[in-house]
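As structure tokens, the structure follows; a few thoughts come after it.
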2 protein chains.
Amino acid sequence: MRGVEATKEAGAGSGLTERQGAVLEQALRLLVDGGEKALTTAGVARAASCSKESLYKWFGDRDGLLSAMIAFQASKVRTLGVSAEALDEASLRAHLVAFAKDLLDVLAGDVSLALNRLAIGQASREGSKLGRLLEERGRRQIGRRAGALLEAGRKAGLLAFGDAEEAYGALYGLVVSDWHLRMLLGDDPSGLKKNFGRRAERAVDAFLALYGGKA
Amino acid sequence: MRGVEATKEAGAGSGLTERQGAVLEQALRLLVDGGEKALTTAGVARAASCSKESLYKWFGDRDGLLSAMIAFQASKVRTLGVSAEALDEASLRAHLVAFAKDLLDVLAGDVSLALNRLAIGQASREGSKLGRLLEERGRRQIGRRAGALLEAGRKAGLLAFGDAEEAYGALYGLVVSDWHLRMLLGDDPSGLKKNFGRRAERAVDAFLALYGGKA
DNA sequence: TGCGAACCGTACCGTACGGTACTGAAGGAG
DNA sequence: CTCCTTCAGTACCGTACGGTACGGTTCGCA
């Protein structure tokens with residue numbers, strides 16, 4: 001192990017060859033198209049044109065494959081840092097609206113919904129290993145972006161809150177409400193997606209009414 | 001069919017004998033304990049001391065059993081009507097806090113979490129039939145209670161909102177935020193349950209700050 | 001050219017599940 | 001007592017999946 005072979009890696013330090021990344025890509029496609037039931041080892045091998053033996057060699061077992069899929073997908077989503085420019089009221093609102101719209105777009109994405117369904121289905125069994133992983137890689141990441149934005153707003157005197165976590169929770173709730181759950185339950189997201197822009201603006205307005213520093 | 005036998009029914013017009021209700025009860029218990037994977041026809045038959053043949057006679061097939069489980073559980077939860085008493089600011093807040101706490105308790109319940117996981121896992125496949133059912137029986141029901149409460153508040157001049165659905169969405173989001181998803185993913189609810197009271201109060205305060213009629 | 005590693009394709013095995021068929025017992029009606 | 005319905009218990013079947021083993025092929029390398 002850890003030999004001199006210069007294996008081209010797929011992600012950032014993910015330890016995966018690009019061949020393995022391509023396999024995970026196909027696995028994700030299968031999962032999105034047909035749900036967990038369609039994600040069989042034979043199906044992945046056929047779709048990715050690799051052998052089952054290689055799958056087990058690379059990922060250990062089926063659970064290892066699922067974990068690798070989550071980690072792989074998360075490695076593709078890079079949270080863009082907050083530009084440390086000077087914030088005024090308008091630019092803060094614009095940043096918040098952009099964040100809210102991105103959040104809705106991410107949550108409504110095919111792959112995100114499929115992976116969340118997968119982890120939720122696996123949650124009761126096996127100590128919710130996948131759930132932890134998804135939460136760590138997904139929510140924490142986007143939470144950091146929001147936290148930085150909120151902190152910048154407070155430093156600029158535009159936001160007033162005691163607990164950043166609580167403020168973020170309020171923002172998240174106002175933006176997402178129960179839409180995420182409804183999409184997870186099967187509500188067609190295409191009909192809802194058109195309202196994302198307006199919804200994000202209204203939610204941010206409400207958030208600013210609660211935590212805006214004017215008072 | 002439709003004979004004169006006076007079959008004792010289990011639910012309110014559910015068309016189920018109490019024997020069948022007892023079977024569904026055992027099935028729900030199996031689902032809560034072990035997740036969908038543990039919910040096998042043989043397991044249900046063994047746990048409920050009935051034959052597989054009876055299961056198929058009563059519920060058709062496995063999907064029919066799942067649908068019956070959701071309908072059965074929903075039939076047990078009766079939404080209590082809003083007392084049409086005169087509301088003042090304090091009693092409205094108390095009602096909202098009670099509603100918020102009930103909402104959190106329901107969502108954190110074992111059976112609710114298990115059924116939501118089941119429906120979500122089944123969502124990608126089969127046109128999300130269970131998801132629709134769960135949404136219809138669950139969300140709509142509790143949404144009606146909230147709607148009535150909000151409408152009463154508006155009639156009393158204590159709340160100001162244009163779209164009741166939007167106001168309810170804000171209340172729901174402020175109360176629940178991403179806790180439901182986290183519990184579905186496997187976060188231990190027992191640790192979170194202790195904060196439900198405080199959380200409900202803070203959420204209602206924020207909601208009143210947004211939609212309170214004082215302004 | 002020969003060697004070895006990686007790997008694809010496939011065949012194979014054990015198991016577990018959904019669904020069906022059969023047997024025998026309990027109980028009610030005539 | 002006898003017939004008939006219902007249902008528990010069990011055995012059974014087909015299928016599909018996870019995981020493993022094997023033969024054949026490609027490719028890098030000395």
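Residue numbering restarts at 1 for every chain, and letters A, B, ... go by the order of the sequence lines.
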Between [atom2] on [N] and [atom1] on [X], what's the gap in Å once rounded to a whole number?
{"X": "B:Tyr56", "N": "D:dA8", "atom1": "OH", "atom2": "P", "answer": "15 Å"}
{"X": "A:Glu53", "N": "D:dT25", "atom1": "CD", "atom2": "C1'", "answer": "14 Å"}
{"X": "B:Leu55", "N": "D:dA8", "atom1": "CG", "atom2": "P", "answer": "9 Å"}

Pairwise 5' ranking along DNA chain D for B:Cys50 and A:Thr40, keeping only the more 5' one = B:Cys50
Gap separating the CG atom of B:Leu208 from the CG atom of B:Leu174, nearest 0.5 angstrom =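 So the CG of B:Leu208 and the CG of B:Leu174 are separated by 10.5 Å.
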N/O donor-acceptor pair under 3.5 Å between A:Arg117 side chain and A:Gly35 backbone = no
inquiry  = Using a 3.5 Å distance criterion without hydrogens, assess whether the side chain of A:Arg139 forms a donor-acceptor pair with backbone atoms of A:Leu134.
reply    = no
query = Counting just side-chain N and O atoms, does B:Ser51 come under 4.0 Å of either OP1 or OP2 of D:dG9?
reply =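 Result: no.
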ask   = Salt bridge check: are B:Lys129 and B:Asp63 linked by an N-O gap of less than 4.0 Å?
value =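 Here B:Lys129 does not pair with B:Asp63 in a salt bridge, since their nearest N and O are not under 4.0 Å apart.
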query = Going 5' to 3' on DNA chain C, which nucleotide is the first and which the last to come under 4.0 Å of a heavy atom in chain B?
reply = C:dC17 to C:dC22
request  = Determine, for B:Trp179 and B:Arg199, whether the Lys NZ or Arg CZ falls below 6.0 Å from the six-membered ring centre while staying within 45 degrees of the axis.
outcome  = yes
ask   = What's the shortest heavy-atom distance between A:Pro189 and A:Met183, and which atoms?
value = CB-SD, 3.9 Å
